[in-house]
Number of protein chains: 2
Amino acid sequence: MNSTEAVASSATSKSAQTRQRILDAAAEVLSRKGYAGTRLSDVAQVAGVQAPAIYYYFSSRDELVEEVMWVGANRVRLHLAEVLAALPEDTSCMDRLMVAVDAHLRFELQLSHYATASIRNAGHVPEQLRIRPAAEEALYSRLWRELFAEAQQAGEVRADLDINMFRLLLLGAMNWVVEWWNPRTRSLDELVATAQAMVRTGAGAV
Amino acid sequence: MNSTEAVASSATSKSAQTRQRILDAAAEVLSRKGYAGTRLSDVAQVAGVQAPAIYYYFSSRDELVEEVMWVGANRVRLHLAEVLAALPEDTSCMDRLMVAVDAHLRFELQLSHYATASIRNAGHVPEQLRIRPAAEEALYSRLWRELFAEAQQAGEVRADLDINMFRLLLLGAMNWVVEWWNPRTRSLDELVATAQAMVRTGAGAV
DNA sequence: CTGGGATTCTAACCCATATTAGATTCCACC
DNA sequence: GGTGGAATCTAATATGGGTTAGAATCCCAG
């Protein structure tokens with residue numbers, strides 16, 4: 001095995017898998033219990049290791065938390081970018097917004113504890129842990145700003161609407177869902193449809 | 001001074017004032033730093049006492065936090081109820097909703113650190129601290145449910161809209177504002193107007 | 001004044017949890 | 001099958017911050 005192969009295979013080596021298990025466990029616990037309620041012992045238990053083993057992969061609890069937050073913000077952004085890129089060229093601006101709402105909600109509620117952890121704890125972790133995740137969130141915001149700006153320029157969003165504030169309110173509505181969502185009692189399709197209605201007939205030109 | 005007077009004046013006695021200062025300080029720090037970031041020493045400093053003095057009025061940090069959360073939820077509810085009760089009898093359902101949006105946002109952003117503390121930390125404090133505040137929040141939710149239900153019955157909200165989900169999304173949008181609001185760079189009037197637009201032309205019948 | 005409860009302080013304590021030390025096990029390769 | 005580094009464990013340590021003890025101070029009633 002040469003060094004190139006070593007690097008390539010390292011992604012699935014036992015070591016890398018353990019690191020991944022720990023990171024996944026941290027994301028799950030953080031999304032469920034929040035920053036204040038997350039013990040390293042909880043994370044270790046979910047990951048199936050003893051707490052000190054975490055220090056073989058992360059230099060501190062905060063570094064672990066920071067990485068979860070960054071991965072969460074990063075994945076949400078990449079997911080949305082991917083979904084938007086896959087749309088036909090002639091998709092209308094409003095339809096793009098609808099797809100974005102759909103993608104954001106389904107990703108945060110179904111696909112990623114990282115996203116949930118990132119959203120719930122963004123405002124609750126120490127300042128220094130927010131720097132790298134905040135950069136990702138800024139890029140994510142830019143995607144949404146562009147969607148709204150283009151929709152407004154195309155006349156598909158009312159010209160007199162403050163799209164910056166509307167965007168912040170909409171993302172807030174969708175982010176807050178993690179605080180009350182219960183997959184057993186609510187339909188995700190219904191949620192997506194309602195959120196889309198909030199935008200379409202809320203921001204759409206008559 | 002008889003005992004009745006003693007009780008009456010106790011509300012403004014030095015002792016009661018100190019207790020109030022501590023509670024106010026806790027609300028302020030909690031709203032700014034969140035549950036995880038709130039040290040008793042921070043609260044004490046803001047209140048102008050030493051940390052152990054807090055224990056003369058509250059039996060533990062968690063009891064102090066719980067009281068802040070309850071007061072926050074309680075005040076928001078009473079404020080909205082009051083504002084709604086003051087409206088003319090013939091106010092339309094949609095106008096009542098607009099007033100409610102206005103009241104919620106202005107109260108949480110201008111009038112009450114308690115409200116902000118309550119909103120930001122509801123999902124981040126230990127389970128046992130949520131019981132009493134949750135009861136208040138349930139009553140608050142009921143106010144909003146009634147507003148939406150009446151508006152839908154009156155035909156001022158589209159019949160096919162899932163008003164429960166819409167309400168949760170709307171309250172989420174407004175609650176999340178505390179995560180990004182900066183009074184120096186944004187206009188509160190503009191915010192209120194945008195949130196109202198989100199409801200009116202979003203949920204309103206055409 | 002002054003005595004005594006109310007209030008607040010200083011100094012200590014404790015305890016949960018993050019972190020480190022050092023021993024041990026695992027495992028790929030010779 | 002031995003050997004050396006990687007990975008993980010057990011046991012101990014460190015420390016921030018909530019909490020308690022007991023002394024000091026305040027302040028009003030008599």
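Sequence lines set the chain letters: A, B, ... in the order given, protein chains first and strands last, and positions in each chain run from 1. Keep in mind that what you see is a predicted model, and the values were worked out from it rather than measured.
Checking the phosphate oxygens (OP1, OP2) of D:dG18, a side-chain nitrogen or oxygen of B:Arg39 falls inside 4.0 Å.
In this entry the distance linking CZ of A:Arg61 with C1' of C:dA18 reads 9 Å, nearest Å. Put simply, CD on A:Glu63 is 15 Å from P on C:dA18, counting in whole angstrom units. A:Ile54 places its CD1 atom 16 Å from the P atom of D:dA7, with the value rounded to the nearest Å. For B:Lys33 and D:dG17, the NZ to C1' distance is 13 Å, given to the nearest whole Å. Here the P atom of nucleotide C:dA16 and the CG atom of B:Asp62 are 14 Å apart, to the nearest Å. Protein atom CG of A:Leu40 is 20 Å distant from nucleotide atom P of D:dT13, rounded to whole Å. Between A:Tyr55 atom OH and C:dA21 atom P there is a gap of 12 Å when expressed in whole angstrom units.
By the 6.0 Å and 45° rule, B:Arg167 does not stack over the aromatic ring of B:Trp144. Taking the ring centre of A:Tyr35 as origin, the terminal cationic atom of A:Arg61 falls inside the region bounded by 6.0 Å and 45° from the ring axis.
Legend: residues meeting side chain to side chain donor-acceptor pair (under 3.5 Å) with B:Tyr57, ordered by chain and number and at least two apart, are absent. Among residues two or more places apart in sequence or in another chain, the ring-ring contact (aromatic ring centres under 6.0 Å, His included) test is passed with A:His124 by B:His124.
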Handout entry: Sequence-aligned protein contact record of nucleotides 8-14 of chain C, with B where the base is within under 4.0 Å of a protein heavy atom and S where only the sugar-phosphate is
Key = BSBB---

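Side-chain N or O atoms of B:Thr91 include none that pairs as donor or acceptor with a backbone N or O of B:Leu87 at under 3.5 Å.
Checked against the 6.0 Å centroid threshold, A:Tyr140 and A:His104 count as a close aromatic pair.
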